[in-house]
Amino acid sequence: RLTDYGCRRTMIESNEHIIVSPSLKRNRRGLFARRLAAAALLWLAAACTTPTAPAPEPAKAPSEVARMFALVLENVHDIYIDEHPIDDLAIAGLRGLQKVEPSASIERAEGQIRLLINGTVVSAIPAPERNDGEAWAAVIEKMIADGRRASTKLNAADNEKIYKTMIDGLLAGLDRYSRYSGMVAARRQRQNRDGFGGIGVSIKIHDDGVRVDRVTPERPASRGGVKIGDIIVAVGGAPLKGLKLRKTVALLRGPIGKQVTVTLRREGRPEPFELSLLRVKIVPFTVYYQRRDRIAYLRVTGFNQGTALELRKSVDRARREIGAGLKGLVIDLRGNPGGLLDQAVDTADLFIVKGRISTTRGRHPDSFQLFDATKGDIGAGVPIAVLVNGASASASEVLAAALQDRGRAVLVGSGSFGKGTVQTVLRMPNDGELILTWARLLAPSGYILNKLGVLPTLCTSNADDAEHVLADSLKDGVADRQIAMRRAADNGDEEFRETVRTFCPWRPRDGRDVDIEVAKRLLETPKLYQRALQLSALSAGS
């Protein structure tokens, strides 16, 4: 950036790494960059008053190692849902070196931090101030360097291995959902969330390469004439025989707007042939629609950038195909592990006319967020049954709780997982990701989802047929009393929490799908649906 200081004009270059957190909605700049710029300003000021003095050596940019650990330490301290001092985090991270070098140990005594290898002190550094993230990152950087000189095992480990073991150790005292992903794993995660450059096929391993198992309509492979059953034997001229599936996928994917040549073998054609296909952005499908008589069945397997739009398109298709005879929608969230919070909110907003959808609450001021309905109902009021089980978690619980509390759907199945926290994803200097829990999720009626989950109105845990489920759940107000207790539960009362979770435990079963039977019976019988809806909606105070 060009800066004018009066006596001279100069260009200051900074290697600062800008971290954009989707949840914080703001940029975070590292302390190193700010202090580097400050040092440059001081040097320029000195140059104005003493023009004959020799210029000092340029300030050295912080290394990737220092920036990595400064970012982790500062963000855990600043935004994690519970407060943790930086010095404790740094010591825990240094102790992670033992996974690479078992003889390594860390001591903190007499104002010093010491690294020992086989009992011999190889590094001793004065302990910085407790919450100085930059200084503790510098300690970590020097101890890694000193440890590499003293240990052949540490010296042989690349930076990625050091990052993984130490950051895992640093995060070990946090909750189970806060974690670090290296650059390879993070790249896959970003592709699942945001999409990737591809041609639009699903593939399976074949002896001679890969077999095309599915071709996505209106994508390059479909437009180019690729068919289910085709064998892809080469990509870009490179034979696929013997390659692992992940390696083949990596060859097919690439920059959006770039050509890729695939060599195909097809039954009925004597020779392989080539197609040149232009990669486009592919967002993995998460919504699958089936028409079942006059009911639209919608299975949602996760929440990525395309989920709300996919669901909207599927409901529109159902309304066109079935027309005025549409009796209802089944939204199947069983086994859905969650995903993007904003997509769960947007999906709920498709059906809820007004009112609160969800609330997030944490330690950082920016974690307090309210999400309210803003749109009409794309279902035009048709009945909805939502299927949940013990593997429905996170964003799927947000959607289920919102539809239940707002009186827009009847929940069928068993108690959900109870993953009611929000994670923010921070891009790391090495292209990895730091995922930190920074808020808790509250349902519209105010109860905390974490560790308790959502309780269905119609519980299928202990029944083998729809008749028993409907009779047991609707008689004498059993369902509404249990839901009311669930909403009144104190999340910190472990004994009562366990009692609530026994109301409708998840029991995986094979064979007969009682959940679907109950949902079908409910949607085909308006009086039963209204009765079930009234139980959960009244309990929510709707």
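Here Arg190 pairs with Asp431 in a salt bridge; the nearest charged N to carboxylate O distance falls below 4.0 Å. Between Glu433 and Arg179 there is no salt bridge, since no side-chain nitrogen of the basic residue lies less than 4.0 Å from a carboxylate oxygen of the acidic one. Checked for salt-bridge contact, Arg108 and Asp87 meet the test: a charged N lies under 4.0 Å from a carboxylate O. A salt bridge links Asp513 with Arg334; the closest basic N to acidic carboxylate O contact falls under 4.0 Å. By the 4.0 Å N-to-carboxylate-O rule, Asp146 lies close enough to Arg149 to be salt-bridged with it.
Ring orientation note: the planes of His364 and Trp438 are tilted relative to one another, at an angle of 30° to 60°.
In this structure, Arg408 fails the cation-pi test against Phe351, since its NZ or CZ atom is not both closer than 6.0 Å to the six-membered ring centre and inside 45 degrees of the ring normal.
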Are Leu240 and Val210 close enough, and set up right, to give a side-chain contact (heavy atoms from CB on, under 4.5 Å), and what steps lead you there? CA-CA 7 Å; Leu240 301 183; Val210 292; 4.1 Å; yes
Determine whether Asn430 and Tyr163 satisfy the following criterion, side-chain hydrogen bond (donor to acceptor under 3.5 Å, both in side chains), listing intermediate values before the conclusion. CA-CA 10 Å; Asn430 69 333; Tyr163 293 155; over 6 Å; no
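Asp158 places a side-chain heavy atom less than 4.5 Å from the side chain of Lys161.
For Gln369 and Thr360, the side-chain atoms include no donor-acceptor pair closer than 3.5 Å. Thr421 and Asn450 are not linked by any side-chain donor-acceptor pair at a separation below 3.5 angstrom, with hydrogens and angles left out of the test.
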